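Everything on this sheet refers to the single structure shown next.
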Amino acid sequence: MSDPHETPAAQAGPPETLDAVIVGAGFAGLYMLHRLRGLGLSARILEAADGVGGTWYWNRYPGARCDVESMQYSFSFDEALQQEWKWSERFAAQPEILAYANHVADRYDLRRDIRFNTRVAAAHYDEAAGRWLVRTERGEAISARFCIMATGCLSAARVPDIPGLETFRGTWYHTGFWPHEGVDFTGRRVAVIGTGSSAIQAIPVIAEQAAELLVFQRTPNFSIPSRNAPMDAEYERWWKSDYAAHRQKARQMRTGILYNIDQRSAMEVTEEERQRVYEERWAAGGTAFMGAFVDLLTNQASNDTAAEFVRARIRATVKDPATAEILSPRNHPIGTKRICVDSHYYETFNRDNVRLIDVSRAPIEAITETGLRTREAAYEVDSIVFATGFDAMTGTLLKIDIRGRGGESLAAKWAAGPRTYLGLMSAGFPNLFMITGPGSPSVLSNMIVSIEQHVDWLTGCLAHMRARGLARIEATREAEDRWVDHVNEVAHRTLYPQANSWYMGANVPGKPRVFMPYVGGVGTYRQICDEVAAKGYEGFRLAPAEAPASVAAE
Ligand code: FAD
Ligand code: N01
């Protein structure tokens, strides 16, 4: 297993000077570099991995694929790119998405400005110079006017703190840093811990190989069949015939995904009509299920009807009624934890070599030399797969020692939860940007749409500053406070806060319970960002390089 937290040692040297440092070479970092070059700025990406792709570099577990259709889960900024690239399936698998990221890096000649195997340890703002000093784990230093964190919302994989892992004599893996050479589970007894999106994709594939598969479930999730299939030529033609216009529509949608949302409430139609609509969505597959009625995430009674429909499908699919019941989610409204999309997940529990173990009441207490022990029983396995998720949205950022004005640390500032203006900047940290940061739609959306929107906005902002001889931008505390309140207020108009989800930080012991993404919708959010820019970057303080903050233009 490759350890993602180690970078090879190198000599420290004098700081290199650049206009901008970008941390991370996933889709966000790659596109940001491309746009900064377009502005004529000198920029470099620092990337911990030895390749591009971010999520798709690290998450190589069996069954990994996107759940936003590939025709949409792809860049839209270059018509030639979107016309020429051919996706082989409705939902591309990880190797194909990684190949796409590599193609993008090569096509736009990005690699010459990426330093791989380089993990950023610290970023400190030098107020006098108006520059960020970025330090890597190897001790290299780069001085840059702008520092752009493209570090990803789901890039700090978490192995839960279960005692005894070091004593385990078998092999163990985490879906979020899977061995590049793959894993052959043939003949092995395998434990999968977790039943989130990663597990739900991996379990059916591992079950086909393993001699025995034990699935340790703490909380069941709702999952919708993907109906994945080879790319339909007619569908591809439809997209490509007017790609720009379709993308434009997608950008205005709540999720940044073009699909039909039924504008009726689930409560205003007859039971028969509700079932018809759900059946139709279930048969079509994918996350569009949540668009069956307009109020599924705001009205508990409506949500209950969708949740019960899925539970009925689970009962109809899983032959053993006791197993079906354990797989049926009852402790959160459907969609308030990230809805899963699968290929034959529930069917997998009909296999003789697969067993579901409910650890909701009898948690896993220890890893032993030969397997796992819950409060009730011991299980012998050869391999353990942790599909236990991420310290999402803030985890990766806060692993970096980020210090802004007056040496204030971002970790201290965010101790009670992330505070940003628009998910783009945090007050007190001038010229430090986040792509899809907390407080933006990010993980509630087609992330490539949200990445492009942030990168485009930021490119416009930097061009604006250059045209006016401005060198510093900072969110004001007042604008940030207003935005944080707004993000909370909108979240609490929905059912989302009812779930113990990673959106709320609930999966990490001790993490503050704050709803982190902006639930107001991708289209609405874009409009807000555009209005902010049109009003001369309202809520930000812009200043020439050497001007003290007190005389800066508001
Ligand atoms: P990432 O891809 O996470 O890239 C961040 C990069 O930053 C990584 O390469 C990391 O190594 C690097 N990095 C982090 N910290 C440091 C540091 N200190 N120093 C140097 N480098 C650092 N979203 C969707 O919209 N649709 C999907 O279908 C979908 N499927 C997903 C499936 C999986 C298995 C997972 C985990 C996520 C999925 N997502 C999906 C979300 C996905 O993370 C985003 O779509 C997108 O890939 C994020 O791109 P990014 O560039 O912002 O971040
Ligand atoms: O992680 P998760 P993930 N004992 O946090 C369980 C994206 N993604 O990697 O719910 C027992 O969802 C935990 O249980 P509980 C997508 O945004 C997309 O699967 O905390 N169980 C849960 O079941 C997704 O939401 C795709 O009770 C323990 C699981 O581990 C996000 O990434 C594919 C435990 C973690 O689920 C994260 O998904 C993959 C313990 N000690 C990922 N600790 C697509 O399809 C944790 N768990 C696009």
Side-chain angles (χ1 to χ4, degrees), residues 4 7 22-32 45-49 51-61 63-70 72-73 91-92 94 97 101 115-123 134 136-137 149-162 174-176 192-202 216-221 223 226 255-257 287 331-332 337-342 359-360 363-364 374 386-390 392 396-397 399-400 435-436 442-451 454 499-503 506-508:
T7 47
I22 302 164
V23 187
F27 286 126
L30 293 176
Y31 183 43
M32 192 73 244
I45 296 181
L46 304 178
E47 167 56 60
V52 301
T55 287
W56 306 102
Y57 172 94
W58 295 111
N59 291 262
R60 301 180 191 225
Y61 60 85
R65 59 178 71 249
C66 55
D67 68 358
V68 171
E69 289 184 358
S70 299
Q72 307 204 49
Y73 188 68
F91 298 103
Q94 172 272 331
I97 306 174
R115 195 174 296 158
F116 293 110
N117 296 308
T118 304
R119 184 170 286 277
V120 168
V134 176
T136 72
E137 281 187 349
M149 294 297 180
T151 41
C153 294
L154 294 161
S155 51
R158 271 197 79 245
V159 177
D161 201 10
I162 304 172
H174 190 291
T175 50
V192 171
I193 303 178
T195 48
S197 298
S198 299
I200 279 176
Q201 289 185 327
F216 291 81
Q217 173 189 278
R218 189 164 64 185
T219 311
N221 263 300
S223 189
S226 67
T255 56
I257 307 170
T287 57
N331 78 344
H332 63 281
K337 285 184 135 191
R338 177 65 144 69
I339 192 114
C340 302
V341 172
D342 69 276
V359 293
S360 59
I364 303 168
T374 69
F386 289 95
T388 45
F390 302 86
T396 310
L397 268 176
K399 276 187 187 168
I400 304 172
I435 309 294
T436 66
S442 66
V443 292
L444 297 177
S445 69
N446 175 351
M447 292 226 29
I448 300 194
V449 170
S450 288
I451 286 168
H454 264 188
N500 284 325
S501 65
W502 59 256
Y503 298 140
N507 65 327
V508 179

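Atoms within a ligand are numbered from 1 in the order they appear, just like the ligands themselves. If you're wondering where the values come from, they're calculated on a predicted model, not measured in any experiment. Index from 1, following the sequence.
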[X] neighbourhood, listing ligand 1 atoms whose heavy-atom distance to it stays under 4.0 Å:
| X | result |
| --- | --- |
| L46 | 20 (C), 21 (N) |
| I400 | 18 (N) |
| W58 | 8 (C), 9 (O), 10 (C), 11 (O) |
| A150 | 5 (C), 6 (C), 7 (O) |
| G24 | 6 (C), 7 (O), 12 (C) |
| G54 | 1 (P), 2 (O), 4 (O), 8 (C), 9 (O) |
| I451 | 49 (O), 52 (O) |
| S445 | 25 (O) |

### Query
Is there a side-chain contact between C66 and I97, using heavy atoms and a 4.5 Å cut-off?
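They are in contact (side-chain heavy atoms under 4.5 Å apart), so the answer is yes.
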
### Message
Can you confirm whether I193 sits close enough to I364 that some side-chain heavy atom of one is under 4.5 Å from a side-chain heavy atom of the other?
### Response
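A side-chain contact exists here, since the closest heavy-atom pair is under 4.5 Å.
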
If you have a sec, work out which protein heavy atom is nearest [atom] and how many Å separate them, to one decimal?
| atom | answer |
| --- | --- |
| atom 37 (C) of ligand 1 | T55 CG2, 3.6 Å |
| atom 10 (C) of ligand 1 | E47 OE2, 3.5 Å |
| atom 21 (N) of ligand 1 | A48 N, 3.1 Å |
| atom 22 (C) of ligand 1 | V23 CG1, 4.0 Å |
| atom 53 (O) of ligand 1 | G152 CA, 3.2 Å |
| atom 27 (C) of ligand 1 | D67 OD1, 3.5 Å |
| atom 25 (O) of ligand 1 | M447 N, 2.7 Å |
| atom 51 (O) of ligand 1 | A28 N, 2.9 Å |

### Task
Could you tell me which residues satisfy salt bridge (Lys or Arg N to Asp or Glu O under 4.0 Å) with R338, sequence neighbours excluded, listed by chain and number?
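Partners of R338 under the salt bridge (Lys or Arg N to Asp or Glu O under 4.0 Å) test: D67.
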
Return yes if some donor-acceptor pair links the side-chain N/O of [X] with the main-chain N/O of [Y] below 3.5 Å, else return no.
| X | Y | result |
| --- | --- | --- |
| R115 | L46 | no |
| H174 | R158 | yes |
| N446 | Q72 | yes |
| N507 | F390 | yes |
| N500 | A506 | no |
| Q94 | W56 | yes |
| Q217 | T219 | no |

Return a yes/no value for [X]: is any of its N or O atoms, backbone included, closer than 3.5 angstrom to an N or O of ligand 1?
| X | answer |
| --- | --- |
| F27 | yes |
| A49 | no |
| R65 | no |
| G29 | no |
| N59 | no |
| L154 | no |
| T436 | no |
| V120 | yes |
| S198 | no |
| Y73 | yes |

Nearest non-hydrogen partners of [X] and [Y], listed with the distance:
| X | Y | answer |
| --- | --- | --- |
| M447 | T436 | CE-OG1, 3.7 Å |
| S198 | T175 | CB-OG1, 3.8 Å |
| I400 | V120 | CG1-O, 3.8 Å |
| A150 | I22 | CB-CG2, 4.0 Å |
| W58 | G176 | CB-O, 3.2 Å |
| M149 | A123 | CE-CB, 4.2 Å |

When you measure from the heavy atoms of [X] to every atom of ligand 1, does any distance fall below 4.0 Å?
| X | value |
| --- | --- |
| I435 | no |
| T175 | no |
| F390 | yes |
| A64 | no |

### With T374 via side-chain hydrogen bond (donor to acceptor under 3.5 Å, both in side chains) - residues at least two apart
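Partners of T374 under the side-chain hydrogen bond (donor to acceptor under 3.5 Å, both in side chains) test: none.
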
#### Entry: Contacts of S450 that satisfy side-chain hydrogen bond (donor to acceptor under 3.5 Å, both in side chains) - sequence neighbours left out
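For S450 the side-chain hydrogen bond (donor to acceptor under 3.5 Å, both in side chains) partners, ignoring immediate neighbours, are S445.
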
Mode of [X] contact toward ligand 1 - side chain, backbone, both, neither (heavy atoms, under 4.0 Å):
| X | result |
| --- | --- |
| T396 | side chain |
| W56 | side chain |
| S155 | side chain |
| Y61 | side chain |

### Task
Dump the intermediate steps for side chain to side chain contact (heavy atoms under 4.5 Å, CB included) on I435 and Y31, then the final yes or no.
CA-CA 11 Å; I435 309 294; Y31 183 43; over 6 Å; no

Any protein N/O atoms within less than 3.5 Å of an N/O atom in ligand 2? List the atom names and distances, or say none.
unit_1: ligand 2; atom_1: 9 (O); unit_2: S198; atom_2: OG; d: 2.7
unit_1: ligand 2; atom_1: 10 (O); unit_2: T219; atom_2: OG1; d: 3.4
unit_1: ligand 2; atom_1: 10 (O); unit_2: K337; atom_2: NZ; d: 2.8
unit_1: ligand 2; atom_1: 19 (O); unit_2: S197; atom_2: N; d: 3.0
unit_1: ligand 2; atom_1: 19 (O); unit_2: S198; atom_2: N; d: 2.8
unit_1: ligand 2; atom_1: 19 (O); unit_2: S198; atom_2: OG; d: 3.4
unit_1: ligand 2; atom_1: 20 (O); unit_2: R218; atom_2: NH2; d: 2.9
unit_1: ligand 2; atom_1: 23 (O); unit_2: T195; atom_2: N; d: 2.9
unit_1: ligand 2; atom_1: 25 (O); unit_2: W502; atom_2: NE1; d: 2.9
unit_1: ligand 2; atom_1: 27 (O); unit_2: R218; atom_2: NE; d: 2.9
unit_1: ligand 2; atom_1: 27 (O); unit_2: T219; atom_2: OG1; d: 2.4
unit_1: ligand 2; atom_1: 30 (O); unit_2: A387; atom_2: O; d: 3.3
unit_1: ligand 2; atom_1: 45 (O); unit_2: Q201; atom_2: NE2; d: 2.9

### Task
Please determine if R218 forms a cation-pi arrangement with F216, meaning its NZ or CZ atom is less than 6.0 Å from the six-membered ring centre and no more than 45° off the ring axis.
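No cation-pi geometry.
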
### Query
Taking it one step at a time, do R119 and T136 satisfy side chain to side chain contact (heavy atoms under 4.5 Å, CB included)?
CA-CA 6 Å; R119 184 170 286 277; T136 72; over 6 Å; no

